[in-house]
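Have a look at the structure below, then the notes.
Residue numbering restarts at 1 for every chain, and letters A, B, ... go by the order of the sequence lines.
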Protein chains: 2
Amino acid sequence: MSSRAASSPNKRNARAHLLDAATKLIREKGFTATSVDELCAAAGVTKGAFFHHFASKEALGVAAANNWAETTSALFAGAPYHLPADPLDRVFAYLDFRRDLVSDEIAAFTCLVGTMVQEVHGTSPAIRQACEASIFGHAQSLVPDIAAALAAHNVHGVQPIDLALHFQAVLQGGFILSKASGDPAHAKASVAHLKAYVAMLCEVPLPQ
Amino acid sequence: MSSRAASSPNKRNARAHLLDAATKLIREKGFTATSVDELCAAAGVTKGAFFHHFASKEALGVAAANNWAETTSALFAGAPYHLPADPLDRVFAYLDFRRDLVSDEIAAFTCLVGTMVQEVHGTSPAIRQACEASIFGHAQSLVPDIAAALAAHNVHGVQPIDLALHFQAVLQGGFILSKASGDPAHAKASVAHLKAYVAMLCEVPLPQ
DNA sequence: GGCAAAACATACCAACCGGTTGGTATGTCG
DNA sequence: CGACATACCAACCGGTTGGTATGTTTTGCC
């Protein structure tokens, strides 16, 4: 009779299960092709539960994007790329971290919000905005390190936020090449070019 | 009674109209969200005509990707970036050309096959392959100029095809940022970073 | 223990989905 | 002229879609 709260593996609330299932399915087959029925089956809940937690499929999309922003924020906040003392080393460590996130399974390393916004940018302003907030918010989190690195190496004419957004563009583009070819290597290759770009911008030799 | 073949504006065959309508609709709202009924209405043909020309919706997707490859090949083949005598100038002119293709209307400058492959890479091998052929084929067309430019400036350790693919990744990623924000400027900004990368790789000052 | 509210489940619906049907209009070739 | 092919059409089909109406069960709190 001792408290066994949160011990049963299946007894988190349905909302969290739905969000997890949505993240997986949308990454695999896109937002539109993922049906509510399928989502419920994957999450092990009924349709009644779905529409108890989300007013519509679109609301689920918004929640999934917001959940993605929180999850990835936590992942990046706890990542080891913040450790180096030199800001440029932190930038390189960030890019290495992103590169090492690329694994064999394409749906496992590609970006939920990048996928979703491609589909719905013209049809769902709410989802589009949530995706925008996730991508641009993450870019913003890189600005302090990038700004410090650029300043330390006397780089002028490059705005830190612009470079941070370019990072995201390169990563998202690499994901597309990997999806088109089925080969994760292309996502890694684009990060390598990005590292070379940063190294030359700061006039330092390419690390590693 | 004199021959007036191909004079009536609406009397190209339905196939071409369907391909045009598909390109537009898929760029605006994605492949899955574009229904066959909608496609037929936009093309001004009936469903019967659709399934006369295409065995399935998936076959339409493949045909649209192939049609995209042909259309864009012709566009790039006739573009003025081939004119400069210096190969590096041709590479810069290519990037300028891509930058100038970016217009106000997002669905008008983004990439059909990049959009499609994001959605169906895991569900339709046939469409995925057609998109891959379009993207990687275009990258291949850049290899001669890039190879000559790299050789002329004694750049080692960079494979021309890898750089050509990086170009495509940056462009595709820029499209995603533009879709997420609603702002075409992000697509242009990423091309600017790409030009700077190429300039530094070849150790020449950034043109313009 | 009582009780309201939150958290689910069941059953159902109208609209829409991709695809098929039987048929017609217009060649075109011998 | 008849035989055959291509291009196209309106109506329809079974299944699926996102969404709802109406329960029942669990939970937190007094």
Side-chain angles (χ1 to χ4, degrees), chain A residues 1-22 25-26 28-65 116 119-120 123-127, chain B residues 1-22 25-26 28-65 116 119-120 123-127:
Chain A
M1 193 188 289
S2 63
S3 112
R4 49 156 174 49
S7 70
S8 166
N10 232 14
K11 256 320 184 217
R12 279 156 69 226
N13 61 17
R15 193 189 148 91
H17 283 294
L18 281 164
L19 251 16
D20 287 350
L25 284 173
I26 294 171
E28 284 172 3
K29 35 191 288 179
F31 178 75
T32 311
T34 299
S35 74
V36 175
D37 280 324
E38 200 178 3
L39 217 42
C40 293
V45 305
T46 60
K47 230 164 161 179
F50 180 97
F51 284 100
H52 172 72
H53 288 289
F54 304 103
S56 63
K57 191 191 173 187
E58 185 182 28
L60 179 271
V62 172
M116 236 189 324
E119 277 188 79
V120 303
T123 48
S124 171
I127 297 180
Chain B
M1 189 186 296
S2 63
S3 108
R4 49 156 175 48
S7 69
S8 166
N10 231 16
K11 257 319 180 215
R12 276 158 70 228
N13 60 17
R15 193 189 148 92
H17 282 295
L18 281 164
L19 251 15
D20 287 350
L25 284 173
I26 294 170
E28 284 171 3
K29 34 190 294 182
F31 178 76
T32 311
T34 299
S35 74
V36 175
D37 280 323
E38 203 177 0
L39 217 43
C40 294
V45 304
T46 61
K47 231 164 158 180
F50 180 97
F51 283 101
H52 171 74
H53 289 287
F54 304 102
S56 63
K57 192 191 172 186
E58 186 184 27
L60 177 270
V62 172
M116 238 191 320
E119 276 188 80
V120 303
T123 48
S124 170
I127 297 180

(Q) According to ring pair (Phe, Tyr, Trp, His ring centres under 6.0 Å), does anything in residues 39-63 of chain A pair up with another residue at least two apart or in another chain? List the pairs. (A) A:Phe50-A:Phe54

(Q) Once you apply a heavy-atom cut-off of 4.0 Å, does A:Thr32 come out as touching a base, just sugar-phosphate, or nothing? (A) nothing

[X] to [Y] - nearest heavy-atom pair and separation:
{"X": "B:Leu19", "Y": "B:Leu60", "result": "CD1-CD2, 3.8 Å"}
{"X": "A:Cys40", "Y": "A:Thr46", "result": "SG-O, 3.8 Å"}
{"X": "B:Ala43", "Y": "B:Leu18", "result": "CB-CD2, 3.7 Å"}

Q.
Please enumerate all residues that pass side-chain hydrogen bond (donor to acceptor under 3.5 Å, both in side chains) together with B:Lys57, with sequence neighbours excluded.
A. none

Q: Would you list the pairs meeting salt bridge (charged side-chain N to carboxylate O under 4.0 Å, His left out) in which at least one residue belongs to residues 30-44 of chain A, sequence neighbours left out?
A: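 For residues 30-44 of chain A: A:Lys29-A:Glu38, A:Asp37-A:Lys47.
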
Q | Terminal helix-axis angle for the helix from C:dG1-D:dC30 to C:dG30-D:dC1, with five pairs defining each axis and rounding to 10 degrees | A | 20°

Q) Would a distance-only check, ignoring hydrogens and angles, find a side-chain to backbone donor-acceptor pair under 3.5 Å from A:Glu119 to A:Thr32? A)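 Yes; judged by distance alone, with no hydrogens or angles, the pair exists.
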
Q. Taking DNA chain C as the partner, which of residues 42-61 of chain B come within under 4.0 angstrom of it by heavy atom?
A.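 The answer is B:Lys47, B:Phe51, B:Ser56, B:Lys57.
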
Between [N] ([atom2]) and [X] ([atom1]): distance, integer Å:
{"X": "B:Leu39", "N": "C:dC16", "atom1": "CG", "atom2": "C1'", "result": "16 Å"}
{"X": "A:Glu38", "N": "D:dT16", "atom1": "CD", "atom2": "P", "result": "12 Å"}
{"X": "A:Asp37", "N": "C:dA11", "atom1": "CG", "atom2": "C1'", "result": "13 Å"}

Q) Can you name the side chain to side chain contact (heavy atoms under 4.5 Å, CB included) partners of B:Ala65, sequence neighbours left out? A) B:Val113, B:Met116, B:Ala130, B:Cys131

